[in-house]
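Please read the structure below before turning to the comments.
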Amino acid sequence: MNRYTLALPSKGELAEPTEAFLRDAGLKVTRPNPRQYTGSIISLPGIDVLYQRVKDVVYKVSDNTAQIGIAGLDIVHEHGTHDLIVIHDQLNYGHCKLSVAVPEAWVDVQSFVDLIEVAQDLRTTQGRNLRIATTFPLLTRDFFHQQGLHHFTIVKAEGAIEAAPTLGYADAIVDLTQSGTTLRENHLKMLPDGIILESQACLIGNRSALKTSPVLLNLVHQLLDTMDATLNGRQYSQITADIRGDKPAFIAEMVRQNPSTNGLLGPTIAPIYMSDSDEQWHTLQITVTNRDILDAVNFLRSIGAAHVIIAPVRYLFLEMSPTYTSLLQTLGL
Amino acid sequence: MYFTPEGLRDTLLNHHRLHGYEPVESSVIASADLFLEHASDTVIPQLYTFERRGKLLVLQPEFTTSAMSRYLESGSQQPARWQFFGPTFQTNSALSHGYYHQSLSAGVELLNVNGVLADIEVLLMAWEGAQLLTSEPLTLHLNHTGLLHSLLQQFDLDPFQTRLVLTQGQLALKIALRSDAAHTEAPSDPPMSRVMLDALLDSSQYGTTMGGRDRQDILNRLERKRQRQHQYTRLESAVAFLSEWHGTQIEANQIESLSRFMDSSQPESARLLEEWKIVIDHLIQAGIQSQNIRIQLDVAPNWHYYTGIAFSVTQENHTLISGGRYNNLGQSIQPDRSVPAIGFAYFLDRYITYDNPISVTTVAADNVQQAITIVKLLRTAGIVTTMGVSDTSTTNVYIKDDQTMTLNGRVVETTNDLISQLKAQR
């Protein structure tokens, strides 16, 4: 096979963020027509893009119709097969939680152990199982059994699951939630120890296709390099500042006193050639994590820095893509 | 010692038949509900459950539950001695063979019989059955679920608490400690009244979303949680008791020392202990050496239906047999029937060999028609024969164009001689 297929979500919560993520990573998908289900990525000429519903992305990668794809971890865990592997599990968007929620009116239920007892009560008093509405029967079943709740009935449902307890065809639900607003609007509450999975977007691949095609593996290597560099870059900023002093080594020593201004390896320092003054100034450049910016700026000021410029880092390529290294291990290559 | 599956089946069927047990078939697919009811938390994730048309089914993980269901369906009031042989399904790699998802098991169930004699009969049959499978040293592990449950009654726990104490230990204490202060009162306060709960639910719209419960259900449970706060000391004592029980190590001839866990107010516990002692004494008199019996109070059985003696037979660290008395299983299936029963299962994968077990004779000939004729003759004489495909493990017969026959290269004069020599080799 000379060409390979990347399946992307065509609609739903992940569709737009996926396009944006790929665009940021320099992997803009060109789609001749928004209603068309195919596209291409100019910077990855060996790849065709196929738009599918998220669930179908997982199916297509499992059966090797597409060799790689982007989907939510929740769908991957529910519908994935042995042939499917998660290549990158933290694309850092599409965050949500798969959680157990019960009616707010159940003031006696504060934790999963309470739910276990309610399930027993229902069997004793009503002669029936606790009914759980969900589109995630496998994950729900595994989680409930792990927690020691064994008697329940899964009510399969598609959409509007939050309404099930009000309509009376389920007692509780298991569903995805981002902020919990929809649950609250439907008079439901999440159980604090009822979080089944913390999900986000992930890159998936077909195991046997990756193992047997060096060309595909090379394409995935390029993809992961760019994705890792983009995700790394988002965590860092670059600081450029002017600082008074005539000895670069002395300036470097001062800058390195604070861990937040240590940079990835250390500061880069270069002389400034001033035309109208005899003062000696240098420019220093360091890469810092975003959370350290304010601390770094304050420290640099305290040691005589001026003209501090902060610029976002778009890409940060490490020596090797860590995700690619871990993929090779997973594949046993 | 290794057996072919057929050899194993014949050996065990015969052993159990001599004890009066008739072979019974069981369905591989069963309704999951009963198994889920009685499986321990360890076993449940290992079950192969699946849904069909809204009904949860399971690939049978053991024979006992099916045996009891079948017995109840038969409506019989007479004792039954049944034995099963076939696959059971659990994802536990320790039991399943290689990449297969099934294990070969045999099961023995003595239904509608109670008492010490029945326990002794089944335990001895299990021990002797294990000895048929291996000449390696065996250990009989004994526990008594019924005695433990009887002793726990002194703490007056409800069924939910009993199960929590038995399976979770310290977690039961945490539950008792959890105050749920926002919704339950301190023990000294009066219980939350119906009026207060109604006011709480009516004051907000969420009173309309109740799932399948009503306000009385919630109120009852709130009250139970409130009362449970009073019971903390009792739960603490139960957990401490259990910890001491599990930590007790005694020899088979010291079983009477367990009487220190009971007082005169527990005649049922004393009776069960006495019965247990009688069973052990008889096992020793019947030839099981005392040092091969291990009293094991700290092992929770995989199935919660045991109500009396629970036992296993191990070879080194491998469980060969596991079983026990289950007097309440029948009632949980058909509430108006009480069927005392005891049984056990063998885990056989370890003793099976799939190496070519049959002595095969291979016939080749210059003339195919000749070969077919000879093969038919040999098979008629009861000799396992293949045509043309030979390897080093087979006995090779060759017939030349001039009708000369050779057996492994040596000339044989007549077909009758050939048959005699082949039979002699077997």
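First the proteins, then the strands, lettered A, B, ... as listed; each starts at 1.
- With chain B as partner, the option from A/Val118, A/Val102, A/Val155 having the largest number of non-hydrogen pairs under 4.5 angstrom is A/Val118.
- Contacts between A/Ala172 and chain B at a heavy-atom distance below 4.5 Å are absent for every atom of the residue.
- The aromatic rings of A/Phe112 and A/Phe144 sit perpendicular to each other, their planes meeting at more than 60°, with 30° as the lower class boundary.
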Test A/Thr65 against A/Tyr59 for side chain to side chain donor-acceptor pair (under 3.5 Å), laying out the working first. CA-CA 8 Å; A/Thr65 306; A/Tyr59 293 150; over 6 Å; no
Should B/Val339 and B/Gln334 be marked as a side chain to side chain contact (heavy atoms under 4.5 Å, CB included) after you check the CA-CA gap, both sets of side-chain angles, and the distance that decides it? CA-CA 10 Å; B/Val339 181; B/Gln334 206 170 299; over 6 Å; no
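- Looking at A/Glu117, both its backbone and its side chain come within 4.5 Å of chain B, counting heavy atoms on both sides.
- Residues passing the side chain to side chain contact (heavy atoms under 4.5 Å, CB included) test with A/Thr325, sequence neighbours excluded: A/Met320.
- Interface residue B/Leu36: backbone and side-chain heavy atoms are both found under 4.5 Å from chain A.
- For A/His151, the part lying near chain B is the side chain, with the backbone staying farther off; criterion is any non-hydrogen pair under 4.5 Å.
- Taking the six-membered ring where the residue is Trp, B/Tyr48 and B/Phe89 present perpendicular rings, their angle passing 60° and hence far from 30°.
- With a 4.5 Å cut-off on non-hydrogen atoms, B/Asp33 touches chain A through its backbone and its side chain both.
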Side-chain donor-acceptor pairs under 3.5 Å in residues 128-138 of chain A, sequence neighbours left out?
residue, atom, partner, partner atom, Å
A/Arg128, NE, A/Gln126, OE1, 2.9
A/Arg128, NH1, A/Asp171, OD2, 2.9
A/Arg128, NH2, A/Gln126, OE1, 3.2
A/Arg128, NH2, A/Asp171, OD1, 3.1
A/Arg128, NH2, B/Gly212, O, 3.4
A/Asn129, OD1, A/Arg123, NH1, 2.7
A/Asn129, ND2, A/Thr153, OG1, 3.3
A/Arg131, NE, A/Asp171, OD2, 3.4
A/Arg131, NH1, A/Gly168, O, 3.2
A/Arg131, NH2, A/Gly168, O, 3.3
A/Arg131, NH2, A/Asp171, OD1, 3.0
A/Thr134, OG1, A/Phe136, N, 2.9
A/Thr134, OG1, A/Val174, O, 2.9

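- Contact annotation for A/Arg184: neither backbone nor side-chain heavy atoms come within less than 4.5 Å of a heavy atom of chain B.
- When heavy atoms are compared at a cutoff of 4.5 Å, B/Glu37 approaches chain A by way of both its backbone and its side chain.
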